[in-house]
> 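Structure provided below as structure tokens; questions to follow.
Residues: numbered from 1 along the sequence shown.
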Amino acid sequence: MHSKGEPLDLWFELYLTGSYRHIIGFEAGETGRARVDTSYGKTGRNPWYPLINWGWDRPKLLAYLQQRFGVVWPKSYCWACPYPTSSGSLPDHMARAERFPEQIVEAALLEYTAQALNPLFTLYANSSLRHQLHLAGNTRALDLLAARLDSEPWSVYEVRRVLTPGRSAWCRSWHGPRCAACLAYEQQHGEPRPRCKACRGLPKQSCTRRVPDCYDDKKKGTVWRSVRRLGGLPRHVAKASLDRFAAAPGRELEHTASVVDGYAFGFDRVVTLQRGERFPAVERQFVAAPASVPTKARDGFETAWRSARAAALSAPAPGAALLPVA
């Protein structure tokens, strides 16, 4: 939504006034996307989904185009917008990757860098794009990716995270917007009742009271991240720098091997602050990765870091205490 929705909204504000119809090509099987899209409505915007209204899915649309124009209409191939991540589109995606290996390498390089900073950031829920290319036998794309990783400038990154406690069930029941029925109950009885299902479907569900009972230290809330890039280096120099850093007493180099045989797609990191099981929690690690991520942090990160680190160190999780290595 940040990549597509925000530029569209800006264009609408600059060039359109009053009411207008926004036609979107969601197919018949994408009613869920349409429901989400309606929640982003701006003043005057009236979205319309003709393919859903007509009951047209992608095969029916392609058949119509072939009958109308006499050609098999290929899908466009922008590697970044959006990533085709559903299992249904994966075979077609791999076929296009075979035709355009240079383009798919851009996505694979971006995924590799993201996964180096956070191992959970694979393109697919249970698999990486590299693994899918391996399963598809696309050695051309994997060879190009290996070459790009060797030729790209690298860096050592310091990555810190603050993980806040999540919202408690008690808070969700009592704090937040209320529907008309619950407001009428409160007016009639002089006291509120727990929020109903209709209340929880209203917008702006965040709690503004923030009393201690609003937090559950067993649930993960918001994750704040700080990334600090430490120079631009050749790949082997960045790895050697991380090796030297890991050689200090109390530190250990962690290597995550790649699932793709024959390619050096693994990750190296040194964790110097391991988070515990309860929240708030903090973690700090140093990783080697392509130098494409700028130094950045969420506004207020340092304040949140100091507060969460003090809280985590003063109350370590039972059986899994915070381990400050450096």
> Any heavy-atom pair between the side chains of Phe279 and Lys219 that's under 4.5 Å?
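Lys219 vs Phe279: side chains apart.
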> Side chains of Glu252 and Val270, heavy atoms from C-beta outward: is any pair under 4.5 Å?
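The answer is no, as the side chains (C-beta and beyond) never meet within the 4.5 Å cut-off.
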> Identify the heavy atoms of Val282 and Ala308 that sit nearest to each other, and give their distance.
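Nearest pair, atom of Val282 first, then Ala308: CG1-CB, 3.7 Å.
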> Does a side-chain heavy-atom distance below 4.5 Å link Leu233 with Ser241?
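Result yes, sub-4.5 Å side-chain heavy-atom pair found.
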> Between the main-chain N or O of Phe121 and the side-chain N or O of Glu111, is there a donor-acceptor pair closer than 3.5 Å?
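Between the backbone of Phe121 and the side chain of Glu111 there is no qualifying donor-acceptor contact (under 3.5 Å).
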> Stepwise, does the salt bridge (charged side-chain N to carboxylate O under 4.0 Å, His left out) test hold for Glu277 with Lys218?
CA-CA 7 Å; Glu277 294 180 350; Lys218 296 179 182 178; over 6 Å; no
> Considering residues at least two apart in sequence or located in another chain, which fulfil the side-chain hydrogen bond (donor to acceptor under 3.5 Å, both in side chains) criterion with Arg200?
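Listed in chain order: Ser173.
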> I need the minimum non-hydrogen distance between Gly25 and Glu30, along with the two atoms involved.
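So the two residues come closest at O-OE1, 4.3 Å.
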> Can you tell me how far the OH atom of Tyr15 sits from the OH atom of Tyr20, to the nearest 0.5 Å?
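Going from OH on Tyr15 over to OH on Tyr20, the span is 14.5 Å.
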> Does Glu27 reach the main-chain N or O of Arg58 with its side chain, forming a donor-acceptor pair under 3.5 Å?
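Looks like yes, one N/O pair under 3.5 Å.
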> Could you tell me whether the side chain of Leu133 reaches within less than 4.5 Å of the side chain of Met94, counting heavy atoms only?
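The answer is yes, as the side chains (C-beta and beyond) meet within the 4.5 Å cut-off.
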> So do Thr31 and Arg33 actually touch side chain to side chain, heavy atoms under 4.5 Å?
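They are not in side-chain contact.
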> Check this for me: does any side-chain nitrogen of one of Arg269 and Glu254 sit under 4.0 Å from a carboxylate oxygen of the other?
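No.
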> Grab the two heavy atoms, one from Pro177 and one from Gln205, that are nearest each other, plus how far apart they are.
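Reported closest heavy-atom pair: CG-NE2, 3.5 Å.
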> Looking at Thr164, is its backbone amide N or carbonyl O close enough to the side chain of Thr222 to form a donor-acceptor pair, meaning the two atoms are under 3.5 Å apart?
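Not confirmed, Thr222 side chain does not pair with Thr164 backbone.
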> Which pairs pass side chain to side chain donor-acceptor pair (under 3.5 Å) with one or both residues in residues 178-189, sequence neighbours excluded?
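Not a single pair qualifies under side chain to side chain donor-acceptor pair (under 3.5 Å).
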> To the nearest 0.5 Å, how far apart are CD in Gln285 and OH in Tyr157?
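Reported value, rounded in 0.5 Å steps: 13.0 Å.
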> State plainly whether the residues Arg167 and Asp213 are in salt-bridge range, i.e. N to O under 4.0 Å.
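Salt bridge absent between Arg167 and Asp213.
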> Taking the side chain as C-beta and beyond, is there a heavy-atom pair between Glu102 and Leu144 under 4.5 Å?
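With C-beta onward as the side chain, the pair touches.
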> Can a donor-acceptor pair be found, under 3.5 Å and without considering hydrogens, that links the side chain of Arg195 to the backbone of Arg172?
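Judged by distance alone, yes, a pair lies under 3.5 Å.
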> Is Val156 reachable from Val287 through a run of hydrophobic residues whose side-chain heavy atoms are each under 4.5 Å from the next?
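Different clusters: Val287 never reaches Val156 through Ile, Leu, Val, Met, Phe, Trp or Tyr contacts under 4.5 Å.
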> If we only count heavy atoms from C-beta on, is the Arg284 to Val271 side-chain gap below 4.5 Å?
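No - every pair of side-chain heavy atoms lies 4.5 Å or more apart.
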> For the pair Phe26 and Tyr49, name the ring-plane relationship: parallel under 30°, tilted 30 to 60°, perpendicular over 60°.
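Plane angle under 30°, so parallel.
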> About how many Å separate CZ of Arg96 and CD of Glu98, when rounded to the nearest 0.5 Å?
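Here the rounded value is 13.0 Å.
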> Got a donor-acceptor contact below 3.5 angstrom from the Asn138 side chain to the Ala97 backbone?
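Answer holds: yes.
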> Write out all pairs satisfying salt bridge (Lys or Arg N to Asp or Glu O under 4.0 Å) with one or both partners inside residues 230-241, taking only residues at least two apart or from two chains.
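Those involving residues 230-241 are Asp150-Arg235, Lys239-Asp243, Lys239-Asp268.
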> Membership question, hydrophobic clusters at under 4.5 Å side-chain separation (ILVMFWY): are Ile24 and Leu10 in the same one?
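Hydrophobic grouping puts Leu10 apart from Ile24.
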> Of all the heavy-atom pairs spanning His255 and Gly266, show the shortest one and how long it is.
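Reported closest heavy-atom pair: CE1-CA, 4.0 Å.
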> Asp216 and Ser168: which non-hydrogen atoms are nearest, and at how many Å?
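Scanning both residues completely, I find the closest heavy atoms to be CB-CA, 4.0 Å.
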> So Phe286 and Phe245, would you call those rings parallel, tilted or perpendicular, with 30° and 60° as cut-offs?
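The arrangement is tilted - the two ring planes meet at 30° to 60°.
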> For residues His175 and Cys214, report the shortest heavy-atom separation together with the two atoms involved.
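Looking at all heavy atoms of both residues, the shortest contact is ND1-SG, 3.2 Å.
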> Kindly work out whether a path of hydrophobic side-chain contacts (I/L/V/M/F/W/Y, heavy atoms less than 4.5 Å apart) joins Val159 to Leu163.
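Unlinked, Val159 and Leu163 end up in two clusters.
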> Would you say the side-chain atoms of Thr113 pair up with the backbone N or O of Pro290, donor to acceptor, closer than 3.5 Å?
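Checking the backbone N and O of Pro290 against the side chain of Thr113, no donor-acceptor pair under 3.5 Å is found.
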> Got a second to check how far Leu145's CG is from Arg130's CZ, nearest 0.5 Å?
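It comes to 7.5 Å.
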> Please check if any side-chain donor atom of Ser151 sits under 3.5 Å from a side-chain acceptor atom of Arg148, or the reverse.
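Side chains of Ser151 and Arg148: no pair found under 3.5 Å.
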> Without placing hydrogens or testing angles, list every side-chain donor-acceptor pair under 3.5 Å for residues 292-306, not counting sequence neighbours.
unit_1	atom_1	unit_2	atom_2	d
Thr295	OG1	Arg229	N	3.0
Glu302	OE1	Arg160	NH1	3.4
Glu302	OE2	Arg160	NH2	2.6

> Not counting sequence neighbours, which residues clear side-chain contact (heavy atoms from CB on, under 4.5 Å) with Val72? List them please.
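Testing Val72 for side-chain contact (heavy atoms from CB on, under 4.5 Å), a comparison that skips the adjacent residues, returns Gln66.
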> Decide yes or no on side chain to side chain donor-acceptor pair (under 3.5 Å) for Thr122 and Gln115, but give the supporting numbers first.
CA-CA 6 Å; Thr122 54; Gln115 196 177 357; 5.8 Å; no
> Going by the ring-ring contact (aromatic ring centres under 6.0 Å, His included) test, which pairs reach into residues 210-236, not counting sequence neighbours?
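Applying ring-ring contact (aromatic ring centres under 6.0 Å, His included) to every pair that reaches into residues 210-236, excluding sequence neighbours, yields nothing.
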> May I ask you to test the Trp154-Val237 pair for a side-chain heavy-atom distance under 4.5 Å?
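No. Closest side-chain heavy atoms not under 4.5 Å.
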